[in-house]
Amino acid sequence: MTGMSDIQQTLADVLGELRSLDDPRIRAVNEKHGDDHGVNLTKLRAIAKRLRTQPELSAELWATGDTAPRLLALLICRPRAFDAAQLDTMIREADRPKVHDWLVNYVVKKSPHAEELRRSWMADTEPGVAAAGWALTADRVVKKPGDLDMAGLLDTIESDMGNAPPRLQWAMNTCLATIGIENPDFRSRAIDIGQRLRVLEDYPTSPGCTSPYAPVWIAEMVRRRSP
């Protein structure tokens, strides 16, 4: 007999595999960044590649509430199958940074409801939800700037980013840098805002990586694009 019992059995198998891959050393590193799992992401992606798209299993994995299963769920779901209400519920449940990031980048950005959600989330009072709205806005600055009010976005960043909670602040800073990189007409103002607010100025950056401090980030990306 097929059906839910088979899904449950598959779920049990997958959860067992994820538990076997949990590495205390990886977990310790991830916990410093707010993520409570110890699974190597390359190995997790290998599982997803093997499973391919399985919406029902994805839903079961998400429902566990655990980080590693949720990350896997986002890799094997069918992004365009979610309605706006489902995605809104999921973003409010995504309480770990990596889950939040993957949900926005791997699922919501591919959804036909992305613009509708971007608009509603930008005005949400929940910082994690608002952060998702700003992340989608940064993506639009690059891909579909169209009718975006860049000056208005910079006004909001200038007034709100300095005192925003960490996740929201990071997303607003990303949008600030993206505006500066992609729009020469707003570049000097974006750099000025970054210099005055000094958000992420002292963020530890590994050798060879670009600082998330907006003035440095903007300057480096513009330099790389120069002929």
Side-chain angles (χ1 to χ4, degrees), residues 25-37 41 67 71 91-92 94-106 108-109 118-119 121-145 148-227:
R25 294 169 298 179
I26 294 176
R27 178 176 289 274
V29 172
N30 286 337
E31 285 178 346
K32 293 179 181 179
H33 302 286
D35 287 309
D36 58 345
H37 78 93
L41 294 182
T67 298
L71 292 174
I91 202 66
R92 295 175 194 280
D95 59 350
R96 298 297 176 179
K98 186 64 70 176
V99 174
H100 186 280
D101 180 58
W102 282 22
L103 175 57
V104 172
N105 286 290
Y106 297 165
V108 181
K109 285 182 181 180
R118 183 191 73 82
R119 292 175 180 273
W121 288 349
M122 285 279 284
D124 202 277
T125 57
E126 170 57 44
V129 178
W134 280 96
L136 292 172
T137 300
D139 188 60
R140 263 207 63 185
V141 169
V142 176
K143 297 176 181 177
K144 296 180 180 179
L148 285 179
D149 178 7
M150 301 295 178
L153 290 172
L154 290 176
D155 287 344
T156 301
I157 291 170
E158 186 172 18
S159 65
D160 297 350
M161 183 173 73
N163 295 317
R167 188 181 298 176
L168 176 55
Q169 187 179 71
W170 184 279
M172 295 179 80
N173 182 73
T174 298
C175 193
L176 171 66
T178 304
I179 291 173
I181 293 164
E182 300 293 332
N183 296 272
D185 292 344
F186 293 99
R187 186 167 296 151
S188 61
R189 186 182 175 200
I191 292 172
D192 178 67
I193 291 171
Q195 289 173 334
R196 284 187 290 104
L197 296 184
R198 303 175 69 176
V199 168
L200 301 176
E201 181 181 24
D202 299 322
Y203 190 85
T205 305
S206 302
C209 296
T210 302
S211 169
Y213 177 49
V216 172
W217 188 356
I218 293 168
E220 175 59 18
M221 296 308 296
V222 171
R223 182 193 67 78
R224 293 183 187 181
R225 295 181 181 186
S226 298

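Just so you know, these numbers come straight off a predicted model, no measurement behind them. Each residue takes its place number in the sequence, starting with 1.
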- prompt: When rounded to the nearest 0.5 angstrom, what is the spacing between CE in Met150 and CD1 in Ile157?
  reply: 10.0 Å
field: Pair Glu182 + Arg225, salt bridge at N-O below 4.0 Å
entry: yes
ring-ring contact (aromatic ring centres under 6.0 Å, His included) between Trp217 and Tyr203, worked out: CA-CA 12 Å; Trp217 188 356; Tyr203 190 85; over 10 Å; no
- request: Look only at the side chain of Asp35 and the backbone of His37, and say whether a donor-acceptor pair between them is shorter than 3.5 Å.
  value: no
query: In Å and rounded to the nearest 0.5 Å, what is the CG to NZ distance from Asp36 to Lys98?
result: 13.5 Å
- prompt: Under 3.5 Å, is there a donor-acceptor pair between the side chain of Arg118 and the main chain of Gly133?
  reply: no
- request: Check for a donor-acceptor pair, side chain of Asn183 on one end and backbone N or O of Ile179 on the other, with a separation under 3.5 Å.
  value: yes
- prompt: For the residue pair Val141 and Cys175, what are the closest heavy atoms and their distance?
  reply: CG2-SG, 4.4 Å
- request: Please say whether more than 12 non-hydrogen atoms of neighbouring residues, nucleotides or ligands are located less than 6.0 Å from CZ in Arg224.
  value: yes
- prompt: Crowded around Asp149 CG? As in, over 12 foreign heavy atoms under 6.0 Å?
  reply: yes
- request: Identify the two heavy atoms, one from Ala94 and one from Leu103, that lie closest to each other, and give their separation to 0.1 Å.
  value: CB-CD2, 4.1 Å
- request: Hey, could you give me the NZ/CZ distance between Lys32 and Arg27, rounded to the nearest 0.5 Å?
  value: 14.5 Å
- request: List the atom of Thr178, the atom of Ala138, and the distance in Å for their closest heavy-atom pair.
  value: CG2-O, 3.6 Å
Within-4.5 Å side-chain heavy-atom neighbours: Leu71 and Val99: yes
Donor-acceptor contact below 3.5 Å, side chain Asn173 vs main chain Pro212: yes
statement: Rounded to the nearest 0.5 Å, the CD1 atom of Ile193 sits from the CG atom of Leu176 at a distance of 6.0 Å
statement: dist Leu200:CG -> Thr174:OG1 (nearest 0.5 Å) comes out at 8.0 Å
message: When you compare the side chain of Val108 with that of Trp121, does any pair of heavy atoms fall below 4.5 Å?
response: yes
field: Shortest non-hydrogen separation from Met161 to Gln169 and the atoms involved
entry: O-NE2, 3.0 Å
N-O pairing of Asp155 and Arg189 below 4.0 Å: yes
query: What heavy-atom pair brings Ser211 and Val216 nearest, and what distance separates the two atoms?
result: CB-CG1, 4.0 Å
statement: Between Ile191 and Pro215 the two heavy atoms that sit nearest each other are O-CG, 3.8 Å
message: Set out, in order, the CA-CA distance, both residues' side-chain angles and the distance that settles side chain to side chain contact (heavy atoms under 4.5 Å, CB included) for Thr210 and Thr205, then state yes or no.
response: CA-CA 7 Å; Thr210 302; Thr205 305; 5.9 Å; no
Close side-chain approach of Leu153 to Phe186, heavy-atom, < 4.5 Å: no
task: Evaluate the side-chain proximity of Leu197 to Met172: yes if any heavy-atom separation is below 4.5 Å, no if none is.
output: no
task: Could you pull out all residues at least two apart from Arg196 that satisfy salt bridge (charged side-chain N to carboxylate O under 4.0 Å, His left out)?
output: Glu158, Asp192
From Tyr213 atom OH to Ile218 atom CD1, the distance as rounded to the nearest 0.5 Å: 10.0 Å
